[in-house]
Amino acid sequence: MNEPKKPRTNLSLQSLFYTFLFSLHLATSALARPSDGVIISQADYQGLDAFKHELTDPRGVLRSWNGTGLGACSGEWYGIKCVNGKVISISLPWRGLGGSLTEKIGQLTSLRRLSLHDNFITGPIPSAIGFLPDLRGLYLFNNRFSGSIPPSIGNCVNLQALDLSNNSLIGSIPSSIANSTRLYRLNLGFNNLSGQILTSVFLSQSIVFLFLPNNSLSGSIPDKVATPSSLKEVSLANNQLNGSVPTAIGSLHQIETLDFSGNSLTGDLPSSLSNLSSLVVLNLDRNQIEAQIPQTIDSLKNLSILSLKGNRLYDGIPNSIGKVPTLTRLDLSENNLNGSIPISLVNLTNLVSFNVSYNNLSGQVPVLLAQKFNSSSFRGNIQLCGYTPSLPCPALSPSPVPSPLSSPPSLPSHTNNKRLSTRDLILIITGSALGLLLLLFCILMCCLIRKRSSNSVSPKSKQAAAASGRGEKPGPAPETESGGGDLGGKLVHFDGPLAFTADDLLCATAEIMGKSSYGTVYKATLEDGTQVAVKRLREKITKGQKEFETEVGALGKIRHENLLALRAYYLGPKGEKLLVFDYMPRGSLSAFLHARTPETSIDWPTRMNIAKGTARGLAYLHDSASSIHGNLTSTNILLDDSLSPKIADFGLPRLMSATANSAALAAVAALGYRAPELSKHKKVNTKSDVYSLGVVILELLTGKSPADSVANNGVDLPNWVASIVKEEWTNEVFDTELMREADGDLTGDELLNTLKLALHCVDPAPASRPEARDVLRQLEEIRPEGGGGGAGEASTSNV
Ligand SMILES: *[C@@H]1O[C@H](CO)[C@@H](O)[C@H](O)[C@H]1NC(C)=O
Ligand SMILES: *[C@@H]1O[C@H](CO)[C@@H](O)[C@H](O)[C@H]1NC(C)=O
Ligand SMILES: *[C@@H]1O[C@H](CO)[C@@H](O)[C@H](O)[C@H]1NC(C)=O
Ligand SMILES: *[C@@H]1O[C@H](CO)[C@@H](O)[C@H](O)[C@H]1NC(C)=O
Ligand SMILES: *[C@@H]1O[C@H](CO)[C@@H](O)[C@H](O)[C@H]1NC(C)=O
Ligand SMILES: *[C@@H]1O[C@H](CO)[C@@H](O)[C@H](O)[C@H]1NC(C)=O
Ligand SMILES: *[C@@H]1O[C@H](CO)[C@@H](O)[C@H](O)[C@H]1NC(C)=O
Ligand SMILES: *[C@@H]1O[C@H](CO)[C@@H](O)[C@H](O)[C@H]1NC(C)=O
Ligand SMILES: *[C@@H]1O[C@H](CO)[C@@H](O)[C@H](O)[C@H]1NC(C)=O
Ligand SMILES: *[C@@H]1O[C@H](CO)[C@@H](O)[C@H](O)[C@H]1NC(C)=O
Ligand SMILES: *[C@@H]1O[C@H](CO)[C@@H](O)[C@H](O)[C@H]1NC(C)=O
Ligand SMILES: *[C@@H]1O[C@H](CO)[C@@H](O)[C@H](O)[C@H]1NC(C)=O
């Protein structure tokens, strides 16, 4: 992480944009010179100088901040970005900086982003922050700032993200903090802030994420919220809040996460809670709430986590909880609940964690629950039975599903009673029928859920997209021209865990990972440390905007464990296009195979798992997503942490113009993955994809790169392999390390059969080639999951 020596490699995506736009500009007007706006203004220079002098810099990160400041705005000063000679961004996270933050920061009057998180900076947050009217993002989390939050922050009326979490801040939250009508994310957690939570924060219409956990906030939670409110996630956990859960909570129609755990809340639960149909997480652990669990709990259609541990809940567990099939975690432990555990809970097939311990529950635990969860989920209920063999329920209610280990005659209570054993038989049959029904139900639910998730753009994502556009003028606004924080573009998220704004994306730290015929790929690190892969498509190679958006929308819905997920796209005001994917730290299969040290060997089970995963991804693409890859190579098969392959770049031809696609095809030809028929007609189809798959499998078997074979002797990999096989030197084709491993046993057959299959895939006649699903089936026959002689990491099947 110590990169001050080559600061130029770590540009932000935004500055890469500028470079790009700038070179376009150069091309159109040869007279334009880069001097415009490069010389830093005097005030900004002094501001930066003071900034450097009040910090300590043990790693020498700021060594490049030298001389007269001439280089400050031309990209030579590490971490600085300017527009027109004014500093707009300082981004120095994770740089080991100490010392304090100067008040002279106020001289950088065009500053939009100040990111110094994860350093060791002490002292107060300068009140001169209030002199920065353009400030949009202030990220000072994970430092050692002390003192209180300056009320002058209220002057930063464009503030979108304020994260001061995990410092040592004290005092109260200034009421001006919600002055910005664009405030989107506010995180002041893990400090020692005291005083009340201000109504103004809850009345903000723009705020989406509100995190104030682990402070010393007191008083009650405001009983007023904005209408409409954009709040999606609220955490006030681990403070000293009292009073009751406010009724106004019922108006937070977009809320997904409510965490009030670890406070001193008392009283009843408001009935308006059941209005929160978007709620996914409700955590009220460790309070003193004295209430019944709401009977209408089942109106929370998306509830996944319900945690009410350590309160004073009384009466029974309502039957209706069984009608919230989305529940995955249910913790009702350490309350005063009585009555029995409703049998309806067995309908919660997604439940992975369940706890009703330390209540006053009685009766029998439903058998399926007792089987699924261990006794620590139930203990501490004196009258509860049937959850552990040492606490059987009274004889009148025998366990309907006997343990497979104990046959009826060995059960003493059942001996010499013929009628009872008939009854047992009936119970067993009913039990299995019920089991079968449940299984069917599970499968149905799974299908339903899968279908739902593949068809919908997540609300979270829509929200993030909407919020990032909120308050921005549509189309290229004046500030767009100056190349500022929000370029006035459009960011669309697809289903997934990411929720960044356009500004976050464009200001992310970026490193070039590679280039392809469609564009350049960057590794981008977002403010919270999340890494994503961003592909910037070349200019003028895509279809028109409307068609592009339709196609990219379809690609964004494709989800499979062996296909790299497209998480978002960004359309810039000048036609720039960015695609955001999951970042795969292990890199490509090509690098994995060909760029390793001689000592690292890759065993057969690992190679076979990669082949299977790739075939599985391709089969899904062809059969379930009705899509063609068109450009499968080992460079766009990426590996995740467990070496499971993810196919990247699928469906990209759908976004591109015909000319761009033929250029890309030519590039594939040079790499040796292109099916021979494509040199005549240029139409890619499932069979040409299977050809490329065959080449990839040959690559796994031989350890040779197809590009090398083309370059070295003019013979492509399939022909080279075929010629050797014909001469019956078959074993010569395999990677030598695989031969060592094979040593005449089972693996030898697996290698040979896989080789036959791969040669089948690269048959010159497209019609003779198998389909991807056939390849997958045969690979699974050659080496069944977890089978063969190996202890390879068997990748889990998705079916
Ligand atoms: C300033 O720093 C840059 C980068 O570290 C270095 O190349 C340059 O020589 C330095 N200039 C002066 C005047 O020290
Ligand atoms: C708080 O910051 C420290 C470093 O200052 C870091 O080690 C720690 O993990 C952070 N805690 C949280 C909860 O982020
Ligand atoms: C911010 O809010 C404070 C009080 O809430 C108010 O006095 C001040 O005028 C506001 N500032 C701006 C610039 O709106
Ligand atoms: C937090 O602040 C309160 C005073 O508001 C003080 O009593 C307490 O010791 C502080 N806690 C920590 C962990 O600094
Ligand atoms: C937050 O507070 C809770 C309760 O006091 C404590 O258990 C937890 O460790 C705290 N978290 C951090 C990161 O300090
Ligand atoms: C809540 O706590 C504050 C002190 O922090 C106290 O003044 C107030 O009376 C308490 N309210 C309730 C309802 O307990
Ligand atoms: C909650 O929904 C009920 C109807 O089910 C409605 O009467 C009530 O006004 C709603 N409450 C809030 C706070 O939105
Ligand atoms: C519940 O979640 C699903 C899928 O995430 C989503 O489509 C739906 O809109 C959500 N429902 C509500 C009421 O938020
Ligand atoms: C549960 O407790 C309540 C009092 O909290 C009592 O009225 C009720 O009868 C009890 N129910 C059962 C089944 O014991
Ligand atoms: C489980 O759900 C099904 C379908 O909603 C319902 O018919 C059945 O009664 C439920 N089972 C229990 C025990 O509540
Ligand atoms: C548990 O419930 C029984 C009645 O069902 C009652 O007699 C007993 O007092 C309760 N115990 C506690 C600890 O609440
Ligand atoms: C259930 O809760 C109790 C008490 O809070 C705890 O001791 C136990 O470990 C929990 N069990 C599970 C399985 O979470």
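Quick note: numbers below take in every heavy atom, side chains included, and nothing from hydrogens, waters or symmetry partners. In this text the structure is predicted, and so the values were computed from the model without any measurement. Note that ligands are numbered from 1 as they come in the structure, with each ligand's atoms numbered from 1 the same way.
- In the model, N214 has a side-chain atom that pairs as donor or acceptor with a side-chain atom of N238 under 3.5 Å.
- When the options N302, I255, L300, L276 are ranked by their closest heavy atom to atom 1 (C) of ligand 8, first place goes to N302.
- Among all non-hydrogen protein atoms, the one lying nearest atom 3 (C) of ligand 12 is S357 OG, 3.2 Å.
- Of all atoms in ligand 12, numbered sequentially from 1 with element shown, those under 4.0 Å from a heavy atom of K309 are 2 (O), 5 (O).
- Residue R286 has no nitrogen or oxygen atom sitting less than 3.5 Å from a nitrogen or oxygen atom of ligand 5, judged on distance alone.
- Checking S272 against T247 by side-chain atom types alone, no donor-acceptor pair falls below 3.5 Å.
- Taking every non-hydrogen atom of S377 and a distance limit under 4.0 Å, the qualifying atoms of ligand 12 come out as 13 (C).
- Protein heavy atom in closest approach to atom 2 (O) of ligand 5: N214 ND2, 2.2 Å.
- Scanning all protein heavy atoms for the shortest distance to atom 4 (C) of ligand 12 gives E334 OE2, 3.2 Å.
- Distance from atom 6 (C) of ligand 12 to its nearest protein heavy atom, with residue and atom name: N355 ND2, 4.1 Å.
- Ring pair F494/Y569 is tilted by interplanar angle, where 30° to 60° counts as tilted.
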Show the numbers, then the answer: is there a side-chain contact (heavy atoms from CB on, under 4.5 Å) between L114 and L101? CA-CA 11 Å; L114 178 59; L101 186 53; 4.3 Å; yes
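- Closest protein heavy atom to atom 13 (C) of ligand 12: S376 OG, 3.2 Å.
- Below 4.0 Å from some heavy atom of F190 lie the following atoms of ligand 5, by number and element: 11 (N), 12 (C), 13 (C).
- N359 and N381 share no donor-acceptor pair across their side chains, judged by distance under 3.5 Å alone.
- Closest protein heavy atom to atom 7 (O) of ligand 12: Y358 CE1, 4.7 Å.
- Below 30°, between 30° and 60°, or above 60°: for W94 and H117 the angle between ring planes is above 60°, a perpendicular geometry.
- Side chains of N192 and S216: a donor-acceptor N/O pair is present below 3.5 angstrom, by distance only.
- Those atoms of ligand 12 with a heavy atom of S333 less than 4.0 angstrom away are 2 (O), 5 (O).
- At a distance under 4.0 Å, a protein heavy atom can be found next to atom 11 (N) of ligand 5.
- The CG atom of L276 sits 10.0 Å away from atom CG of L303, with the distance rounded to the nearest 0.5 Å.
- Between F209 and F211, the ring planes lie parallel to each other; the angle is under 30°, not in the 30° to 60° tilted range.
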